[in-house]
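Chain letters run A, B, ... following the sequence lines, proteins first and then strands; every chain starts at 1.
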Amino acid sequence: MNPQKMFLYGAIVLAGLAGPFIFPNNQVQMTELWLFIVFALTWDLVGGQMGYNSFGNVVFFGIGMYACAVVQIGLVYDVGEYTAAKGGGTAFIFDLAQYIWGFAIGLPVAAMLAALAACVLGSLVLGMRGHYFAICTLGLGIAAGEIAAGWDWIGAGSGMTPAPPPHDIDNVNRLFYYMAFALAVATFATIAWLLRTRFGLAINAIRDDEDKAEAMGMFTTRIKVTAWVIAATFLGAAGGIYGNLKRFIDPLDTAFSGATIGVWMVLMAILGGKGTLWGPVIGAIVFQVTKELFWTYLLGWQRVALGVLIVVIVVFFPEGIVGRVRQMFPERFGPRADAREGAE
Amino acid sequence: MTALLEVDGTSKRFGGVVANDAISLTVPEGAIVGLIGPNGSGKTTLFNSIVGYHPIDAGSIRFRSREISALRVPQIARLGLLRTFQQTRIYGGLNCVQNLLISRSTRREPFRQLFTLQGARGRERAEELLEFVGLYEKRNLLAGDLSFGQQKLLEFAMALMSEPDMLMLDEPTAGINPTLINGLIDRLKRANAEFGITLFVIEHNMRVIMNLAEHIYCLAHGELLAEGKPADIQGDPRVIDAYLGAH
Amino acid sequence: MGGRGSGGGDGGRVRGHGSGGVDAVMSVDDVSREASRIADGRLPVTALDALAGDAPFLSIDHLRAGYGRMEVLHDFSLRAGKGQSLCLIGPNGAGKSTVLHSIFGFTDIFEGTISVGGRDVTGLSSSNKLASAGIAYILQDNSVFPDMTVEENLWMGGYLKAKPDAARAAAENVFEKYPRLAERRRQPARVLSGGERRLLEISRALVMDPEVLLVDEPSIGLEPRYIDMVFEILGDLQRKDGKTIIMVEQNAKKGLEFADLGYVLVSGDLVKAASGDDLLDDRDVGRLFLGG
Amino acid sequence: MPRRGWRRMNNIELLFSSPAIAGGLLIDGILFGSIFALIAYGLALVWGVMNIINVTQGEFVILGGFAAVVMADNGFHPLLAVPVAALVLYVLGRLLYRTIIHRIVDRDLFTSLLATFGISIVLQQLMNIVFGGDPRNADAGLGVWFAFDYSIVLSKVKLLAFVLAIVVGAALVVFLKMSRLGQAIRATAQNARAARVVGIDTNRVYEATFALNAAICGAAGALAATAYTIHPYIGLPYTVRSFMIVIIAGLGNIGGVLAAGLGLGAAEYYAGFILGAEFQIAFVFGLLVVVLLARSWWLGRKRRYLK
Amino acid sequence: MFRVMKFAAAAVIATGAMAGTQAFAADDVITLGAAVSLSGKYSTNGEHTQRGYDLAVQVINERGGVQVGDTTYMLEIKYYDDESTATRGAELAERLIQQDGVNFLLGPYSSGLTKAIAPVTEQHGVPMVEGNGASRSLFTSGYRYLFAVLSTSEQYLASAIDLAAERAADLGKAPNELTVALAFENDPFSQDVRAGVVEDAQRHGMQIVIDDKLPKELNDMATTLTRVRALQPDLLVVSGHARGAATAIRQIQEMRVDVPMLAMTHCDSAKIIKEFGDAAEYTLCASQWAPTLTYQDDLFGSAADYAALFEKTYDYAPPYQAAESSAAVMTFVDAFQRAGTLDRAAVRDALAATDMQTFYGNIRFDETGKNIAKPMVLYQVQNGAYVVVAPSEWAAADPVLPRPGWADR
């Protein structure tokens, strides 16, 4: 790593750490932004780098969200009773230790369950090619949501309230912020490293020509499932944080929200530049800012604007911001100028 | 010479159409063997059957005496039996060096080896092979930006990078400038002689196949029509009738 | 570098499907480099006019064209007279197919004009090329309608005709001439072998009845006897029906033997233009493009 | 959940306790499915010819429905709205093609999914702004037929939708086979470049195809508004079911689309009856996944996934 | 790469800068914040809610505003569109409080949205008065800053069940022989209503024979109705916001389902009389409020006056969602005046001490924040109008029971 890059990464980490103190009023939006970066990065690993456009990654997000909430609650109370009270009942109080342990166990469980789901589902559906995969994942996402909405133990359609934070923590959102920040950094670092390994080349090869990769002796299904599992792991943890951040899990609107977060993660990756390391990060930032501006200034028309934005991005700007920059400055940012070059 | 690949009475049907009918042939270790035949005579079907693209209906296929007809594509490839494609296939979004790096043989390595960084040795070998096929100067270009002929050469280099025991080439010279064909023949011969790779080649260009192969099989209508030395095949009236056309 | 094939015989001409030596080893770049060296300098358009018999039917003037922002052809001009055939040769990536694509409207044209029979057709979309300018294109890759029968495929060639009967009659003519297709007239085109498919594609041009026929690699991937059949049809089209044919052929020898005119392209520039026979006899062309 | 499981057993028992229930449900399901079949025709056409998965199907349907509601509000018979809605949507289809769709025809399916998703959001919102979010209904006043002492009740509007689905299907087959445009559409679907080469203006074929699809959806929507209730956000169920039908039936197989549509309607009703209404949609999507998995397993077994 | 990063950093800073601009109220304006559903599945009721708020603000401002201590303030509402999704609602509440500096929140539409927003307002200590979140669980979570002017969900259809028990004889049965079919949308509100109905039915010993959850993308309930027809329950209870009501009325008519009693919620917000005419006849409808009630206040006058003003302004009769929204604004105003300050905690305490009569009904909160001073009413559609049939003190007519069968109409 050259000093320039080191300085850069250092600056970002410092900015991330200082964020809530500089913009205390935007803490929740910044938390969301870090999570969005995780969404876009993990989507891009499979969709952009490997060429498997999934509309179903939200499944892992939702699984993680429910898993984390269930663990947090289940460590202390009976989950069925808790959900039957529909998030109400002053009897369900968590003290600081219970709350912290809930996270300490809940987040890893969320990540692992999501990974497990990716492993099982992946071995089934990753054998499909192209748009059949996209449609199948779309179906998976919606089916998962509907099943969650029918499952009484986790609150069914009435939703589920994650463990209420104890009053000892006076700014629980700050806790969520740093968890999201840490997760985003971990995700970025992991994916940046992956792209420098043979694995990175392998998933790129699958994107470019899967038949060829197989013919060259690559066990493509195993590689594809691995990539999906890695994406799901981070996404599951992100779901765990997101559910707590929102403090209310609706099965269709929050957890398995294919029409919002499920599509947004794709859009962010495309907007920033599919198949690049920095694209999803930049895409997430631009998207979050744009979205917030729409909601503020286009009351009642913001969804129209969002729809138009989707069309414009997809139709007129498919190469994304990073892609456009590469086209404009091929010497500086050309296809070779990505992270992998440092790998020799 | 021991037989490296033995195809024994394989048949393949698609719907009602018989693509291969009880074909038997042998490719000895270290040899260059040709496969010719009119369009639709079942050459590519035979190739696909050997490398595992579709199950065969009857017969057996053995590689190093091991039955491979039930194996899947990557498993067969990892035994050291590789093929190239008629419509050239390369990884268009990667540059030439990367194309070769990812083609490096991992036959004896575990899955977790995928999670290691690339070593300098792999890169050295990749550059050597690019030099060998004459693409060294293009090594940092995206493979998708190469011309068709260059992509063919790259695909060949990728195959070599994988250090196969046997390489099956599907029309290696189709769409290549005639002058370059000579170069390609030379490289194929050198690959055979220097790297010890057994070659099995489908080819339409008679000049190429006559120069290259030691032994030629000729298919027609899914059946084995003739086999023999190039000179014999060229003079075989059945082959001339079915393939070269009398004029 | 740059040796001559031992199988070559009379003055660089190689005939038949004979054997060749393997001592000619040349890289793509070397061919391009050598080819630029043999260029006649900038060819005056008047020279092209003269070749076309001073009565050009199809003319391209100072064309700059390519795909997206990439420019493949730089200031390219071409002239072909009515009923003439012209073969474009050159190394891979020289822009031969791009010329055909440009004429048919598959490329982005930045500058220059293309006209047929005196009419400017530069801006016409590819869908209208046949209807408005009588230009037909035989693609390099598969261009039959797989789920239609052979018969229907031929009829589709007459899609633009006012009366479907005219197309049917033309199709009958084709069947009479090529019993191989007639045998299969009621089968879907997808069951045809590669050679039969090529035959169908080219004979469909007979039904289309265009003024100008663009042919991309007529012999690619074909076994020898189909190659001859294909050139036979093309010969019919040119000599009997008086079509103007512009062709790209990798098998340069075959192409030049067939064509009245030959153009040599290197990296998007025209470096040589002459009659087909003259090019066949040209030592440099022979060395660079005809193979040893 | 023993109680629920027990309930489901009871539901199965109930279902087969009387032929009127099983039969009535079957008929209702089939009639329900016929509207989906109509929409699926259009999707199959657009998907097959243009290689575009149009997520806007449902919104086209709802727009057609609002056309019927508006006409009913103004005193016209809502069934008059069937041709009117078709016409309105035809124009909208052309408009959308010229502004947006023509730019994505050559791109991958994924692009078309996303782009049409964007369009569908815009249409939903515009409908919400123009027509309001109320659930609406256009009563055709056709009444019902009934048999066996009301145990089988047949809405005439639904029956009409069913008949129309079959008529439109048949007309489509004839149109594709016989008419010049139909020929051009088939040719373009099979090989667009070749179609251009024989002089077919593929751009116009695409435009006509897309508009035709919108028109079919509009007609289906007018029927849906008379047979069911509509509101701006209810398009998605129509979209996904048409998806599902096309995937089961395959492209370019209109008889199959009809059969799959009717079958899906019936299967869904039985599932809803037995599992409870809350799992009806889960069932549809579960089925989608299962169908795709079966397809992929079948192809994989034959190892026929080589492109 | 460095340049890309600089760009990213700039974008981050830009976000903060833009989002940080605070829309502070001018000195003499009190800004109330509200995230309502202007789009999405609740947009119908979201609009009723918004109009209820707007009408109250308009009338109050016309009357000279709010006197707090020595200052007179005008009211103003800062709206966002929550798109009928819980997630978005919570984000917007956060935004109203953190970035827009709003100190008082009005509730969104629906229990689900209120559930999502309540933890946010609670955490920031921002008082919220809501008129559209009826779920009982909202008031068992110990929220101190949440106040609801409406009756909670378990009361919605209690009077319908009581009515059935009372009038069981008319149906030819004893109360404990009655069978009940339930079809409730799978969302927090409807499921809470269901819980109340189940309790009431069990109290009377009634037997529940169908208990379906309807999906959220609700436009067809034929499978449920087929079972209703097969099992012939005495009472069918449906709840699923406006769409549920519309779908049920439509399909009950079309499938000619005969049940002696049909009770549902959201009849008026679905405009079932206007949309379905005769098909809506004899339906029992739970309502928080009715224009025929005898409540009054100084601002709007009687319930009927409010209804007239609303209809004059918006061209349709006010559904109760609008009325309770207006009442929510009045509750805030009352609390501001009594508190004499705009301090959040003081206003919260004033709210807790509310005891007032409005056109909408009496408002007095218990310690959990729900209104315990106002009962639900039950309408029946009779001759194309809503007629109050229970509770008896306001009943304008006797309920028609059992509903005449379709064959007899």
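The OH atom of C:Tyr137 sits 6.5 Å away from the CZ atom of D:Arg193 when rounded to the nearest 0.5 Å. One finds the CD atom of D:Gln183 at 9.0 Å from the CH2 atom of C:Trp155 (value rounded to the nearest 0.5 Å). Summarising the geometry, atom CE belonging to C:Met156 is positioned 8.0 Å from atom CZ belonging to D:Arg186; distances are rounded to the nearest 0.5 Å. Distance check, rounded to the nearest 0.5 Å: CG of C:Asn153 to CD of D:Gln190 gives 7.5 Å.
Side-chain atoms of D:Arg180 come within 3.5 Å of backbone N or O of C:Tyr159 as a donor-acceptor pair.
In this structure, chain D has a heavy atom under 4.5 Å from the side chain of C:Glu152, while its backbone stays farther away. Contacts of C:Leu139 with chain D are made by side-chain atoms alone, with heavy-atom separations under 4.5 Å and no backbone atom involved. For D:Ala195, the parts sitting under 4.5 Å from any heavy atom of chain C are the backbone and the side chain alike. Within the 4.5 angstrom heavy-atom criterion, no atom of D:Arg204 approaches chain C. For C:Val144, the part lying under 4.5 angstrom from a heavy atom of chain D is the backbone only. Heavy atoms closer than 4.5 Å to chain D are found nowhere in C:Arg190, neither backbone nor side chain.
No other option in C:Ser143, C:Ala205, C:Ser125 has as many heavy-atom pairs under 4.5 Å with chain D as C:Ser143.
Of all heavy-atom pairs spanning C:Arg204 and D:Val198, the tightest one is NE-CG1, 3.7 Å.
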